[in-house]
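First up is the structure itself, then whatever we jot down about it.
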Amino acid sequence: MKIISFNPFRTIGMKNITYIKPENMFREIDKIKDADFILFPEYWQVNSLVYGLKKNIFPNIDTFHLGHNKVEMTRAFMATFPENIPYTRIMGSSNSAIDIIEEEFGYSVVAKEIKNSMGNGVFLLENRNQLKNYISKNEVLYIQEYLPIDRDLRVVYIGNKVISAYWRIAEEGKFHNNIAKGASYSFEDIPLQAVDLVDRVAKTLGINHAGFDVVEVEGKFYILEFNVLFGNEGLKHQGIRAEDYIYKYISNNDPNKPTFPGIKRKVIS
């Protein structure tokens, strides 16, 4: 199997890999055409690879398209698992937006930028001035009910299964649960209901590489979002190598692999 990776940091140690810098894609187009799998392209490469060159990519096209911004992701959640997402409004920036948000949500309320990660672009708004400031800087408003939590559950899904789950616990008095924002890990008391929810969501939406953020409020589980290029620090603490799961998954989905490798055809003369 011929494999090309555009992200060497996420494919360290894999066998039979050729590394190409994303900016050299068209200079190396013959190698790309000859490859069986393309790993971790950048988003701008995805449509050309899948729709133009008909290549197998990992993460898959479903993961890239839904994970590219929070609006598309949330609408997919609304359509498939509406009971498992916080109440959310997505709207354009307008003069009436403040009144709508205050009437439907009140304060405190969560606001997000539609393309961001690692806790960046997520704000807890506690008054009208903060809301006005957020609206002035965003053409698309993503407003979500505030849930009283001090932690969230990161559930890592690779290939066709959950490979890890761990709590991210916010620093006392802090809003963000992200490790990049100073949160800590806990690997104890992982709720199986949350793991099962992520498994069902990923399979329903066709996601094959994501770190899901799940919260529990009064015994009910909500998915906040997923990140396609999630951090691996939590996995390292558990001794888990994501690249091993990726390689096994793409090997099992090798387009050159016989459908029934253990069965020989009977030749009829």
Side-chain angles (χ1 to χ4, degrees), residues 66-67 69-91 97-98 100-128 130-131 133-135 138 140-157 162 165-186 188-202 205 210-227 230-231 234:
L66 291 179
N69 75 54
K70 291 180 174 64
V71 170
E72 301 304 327
M73 182 189 307
T74 301
R75 286 174 176 160
F77 291 158
M78 288 177 172
T80 54
F81 293 85
E83 299 299 316
N84 297 107
I85 62 169
Y87 180 63
T88 305
R89 281 291 301 265
I90 299 165
M91 64 185 84
I98 292 177
I100 294 172
I101 293 167
E102 288 184 332
E103 181 179 346
E104 293 193 15
F105 294 88
Y107 298 104
S108 299
V109 65
V110 176
K112 299 180 181 180
E113 297 174 352
I114 63 173
K115 294 181 182 180
N116 228 317
S117 61
M118 298 176 67
N120 297 316
V122 180
F123 311 102
L124 180 63
L125 309 182
E126 298 182 298
N127 55 57
R128 176 172 277 218
Q130 292 176 349
L131 178 57
N133 184 54
Y134 165 75
I135 291 175
N138 292 273
V140 177
L141 308 182
Y142 184 107
I143 306 296
Q144 200 164 67
E145 68 173 306
Y146 170 68
L147 299 176
I149 57 171
D150 68 349
R151 67 192 63 198
D152 66 15
L153 189 69
R154 167 55 59 88
V155 182
V156 179
Y157 193 93
V162 173
Y166 49 89
W167 294 106
R168 303 184 303 177
I169 304 171
E171 289 185 298
E172 186 174 355
K174 296 294 183 67
F175 169 59
H176 294 90
N177 301 316
N178 306 79
I179 300 302
K181 297 287 186 178
S184 59
Y185 298 106
S186 173
E188 299 178 354
D189 300 320
I190 305 301
L192 295 181
Q193 303 99 306
V195 174
D196 177 67
L197 174 62
V198 166
D199 186 66
R200 288 186 287 118
V201 170
L205 298 179
F212 285 82
D213 297 341
V214 185
V215 299
E216 181 181 3
V217 179
E218 297 180 353
K220 186 172 181 178
F221 294 94
Y222 299 89
I223 291 183
L224 301 181
E225 63 184 39
F226 68 81
N227 293 293
F230 50 87

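These numbers come from the heavy atoms of this one structure, side chains and all, not from hydrogens, waters or symmetry mates. Keep in mind the model is a prediction, meaning the values are calculated, not measured.
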What are the two closest heavy atoms between [X] and [Y], and how far apart are they?
X: Phe77; Y: Val201; result: CE2-CG1, 3.8 Å
X: Tyr134; Y: Tyr142; result: OH-N, 2.9 Å
X: Met78; Y: Thr88; result: CE-O, 3.6 Å
X: Tyr87; Y: Glu145; result: N-OE2, 2.7 Å
X: Tyr146; Y: Ser108; result: CB-O, 3.5 Å
X: Ile223; Y: Ile85; result: O-CG2, 3.7 Å

Hey, are the side chains of [X] and [Y] touching, using non-hydrogen atoms and a 4.5 Å cut-off?
X: Leu153; Y: Arg168; result: no
X: Asp213; Y: Arg154; result: yes
X: Leu125; Y: Val110; result: no
X: Lys112; Y: Ile143; result: no
X: Leu141; Y: Arg89; result: no
X: Gln144; Y: Leu224; result: yes
X: Glu225; Y: Lys70; result: yes

### Query
Can Tyr185 and Ile169 be said to form a side-chain contact (heavy atoms from CB on, under 4.5 Å), step by step?
CA-CA 6 Å; Tyr185 298 106; Ile169 304 171; over 6 Å; no
### Summary
Exactly one of Val214, Val215, Ile149, Leu197 clears side chain to side chain contact (heavy atoms under 4.5 Å, CB included) with Tyr222, and that residue is Val215
### Message
As an exercise, state the distance from CG of Leu131 to CZ of Phe105, rounded to the nearest 0.5 Å.
### Response
10.5 Å
### Summary
In this structure, CG of Asn138 is separated from CE of Met91 (nearest 0.5 Å) by 12.5 Å
### Message
Could you check whether Lys220 pairs with Glu83 (Lys NZ or Arg NE/NH1/NH2 to Asp/Glu carboxylate O, under 4.0 Å)?
### Response
yes
## Note on the structure
Only one of Glu102, Glu126, Gln130 passes side-chain hydrogen bond (donor to acceptor under 3.5 Å, both in side chains) with Tyr107, and that residue is Glu102
### Message
Just by distance, no angles: are the side chains of Tyr166 and Ser186 close enough, under 3.5 Å, to form a donor-acceptor pair?
### Response
no
For [Y], is there any backbone N or O sitting under 3.5 Å from a side-chain donor or acceptor partner on [X]?
X: Trp167; Y: Arg151; answer: no
X: Asp199; Y: Val195; answer: no
X: Asn69; Y: Val71; answer: yes

